[in-house]
Trainee: 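First, the structure itself, so that you have it in front of you.
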Amino acid sequence: MMMMTVLKLQADGSTELACISLHDVDYMEIEGRKIVYHVGQEKFRHISTLSELEEHLGLEGFDMLDKTNLVNLNRVASFDEAQGKVYFQEPVTGNSKYATVALIKQKLIKREMLHSAAMHIREILRRIKLNELKQRLMQF
């Protein structure tokens, strides 16, 4: 039995992700350049763009890092600033899978990384200062 992930068409025009079996499809047709599957009284649209998927998978951690990909951010292991790529395993080798990152997203990532590093550095400096104060107090 072949299952397909599709968009279920709601009465209000919105969509939601669904799975259908091709064995249950009554017929298929084209509506506005989209393939529509008819199953009983319900209609399902073929997913044809990454943007359609992103709309439904964003809350699951997927993001379009570039116009050619939709990346599961939960699976990203590292970011190569020089090449503008994210990798999914460490260590990175010549055979490692990667996804490209658009320039605008690279800038956002770098800014957030710097912000995060600055916050982390401040926390480390606070801990060092606290330890120094504790050592001074112990000397008295």
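Predicted model only: the values in this text are computed from it and were never measured. All residue numbers refer to positions in the sequence shown, counting from 1.
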Trainee: Yes or no on side-chain contact (heavy atoms from CB on, under 4.5 Å) for L65 and V71, after CA distance, side-chain angles and deciding distance?
Mentor: CA-CA 7 Å; L65 295 185; V71 174; 3.8 Å; yes
Trainee: If you count heavy atoms of other groups shown closer than 6.0 angstrom to OH of Y98, is the number above 12?
Mentor: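 Not more than 12 within 6.0 Å, no.
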Trainee: Taking atom types as modelled and ignoring hydrogens, do the side chains of H56 and E16 form a donor-acceptor contact shorter than 3.5 angstrom?
Mentor: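 No, E16 and H56 have no side-chain donor paired with an acceptor closer than 3.5 Å.
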Trainee: Any idea which heavy atoms bring Y37 and M4 closest together, and the distance?
Mentor: OH-CE, 3.0 Å
Trainee: Nearest heavy-atom pair of V39 and D24: which atoms, and what distance?
Mentor: CG1-O, 3.4 Å
Trainee: Using every non-hydrogen atom in the two residues, find where R45 and V6 come nearest and quote the distance to one decimal.
Mentor: O-CB, 3.5 Å
Trainee: Using side-chain contact (heavy atoms from CB on, under 4.5 Å), reason through S78 and V92 one step at a time and then give a plain yes or no.
Mentor: CA-CA 8 Å; S78 65; V92 173; 3.8 Å; yes
Trainee: Applying side-chain hydrogen bond (donor to acceptor under 3.5 Å, both in side chains) to T15 and Q10, what does each step give before you reach the verdict?
Mentor: CA-CA 6 Å; T15 59; Q10 308 290 36; over 6 Å; no
Trainee: Tell me the closest heavy-atom pair linking G61 and N74, and the distance in Å.
Mentor: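 Minimum heavy-atom contact is CA-ND2, 4.0 Å.
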Trainee: If you apply the rule side-chain contact (heavy atoms from CB on, under 4.5 Å), what do you find for E123 with M119, and how did you get there?
Mentor: CA-CA 6 Å; E123 182 59 34; M119 288 175 51; over 6 Å; no
Trainee: Sequence neighbours left out, cut at 3.5 Å: what donor-acceptor pairs do the side chains of residues 124-140 make with other protein atoms?
Mentor:
from: N131; atom 1: ND2; to: R127; atom 2: O; distance (Å): 3.4

Trainee: Do K97 and F88 meet the cation-pi criteria used here (NZ or CZ under 6.0 Å from the six-membered ring centre, within 45° of the axis)?
Mentor: no
Trainee: Is there a path from M113 to L73 through hydrophobic residues (I, L, V, M, F, W, Y) whose side chains come within less than 4.5 Å of each other?
Mentor: yes
Trainee: Between S14 and D12, is there a side-chain donor-acceptor contact under 3.5 Å, judged purely by atom types and distance?
Mentor: yes
Trainee: Do M64 and S51 make a side-chain contact, defined as non-hydrogen atoms from C-beta onward lying under 4.5 Å apart?
Mentor: yes
Trainee: Which atoms form the tightest heavy-atom contact between T68 and L50, and what is the distance?
Mentor: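 Taking T68 first and L50 second, the nearest heavy atoms are C-CD1, 3.6 Å.
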Trainee: Under the salt bridge (Lys or Arg N to Asp or Glu O under 4.0 Å) definition, can you give me all pairs with a residue in residues 108-119, not counting sequence neighbours?
Mentor: none
Trainee: Between D80 (side chain only) and Q83 (backbone N and O only), is there a donor and an acceptor less than 3.5 Å apart?
Mentor: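 Checked: pair present.
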Trainee: Do K34 and E52 sit within salt-bridge range, that is, some charged N less than 4.0 Å from a carboxylate O?
Mentor: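 Salt bridge present between K34 and E52.
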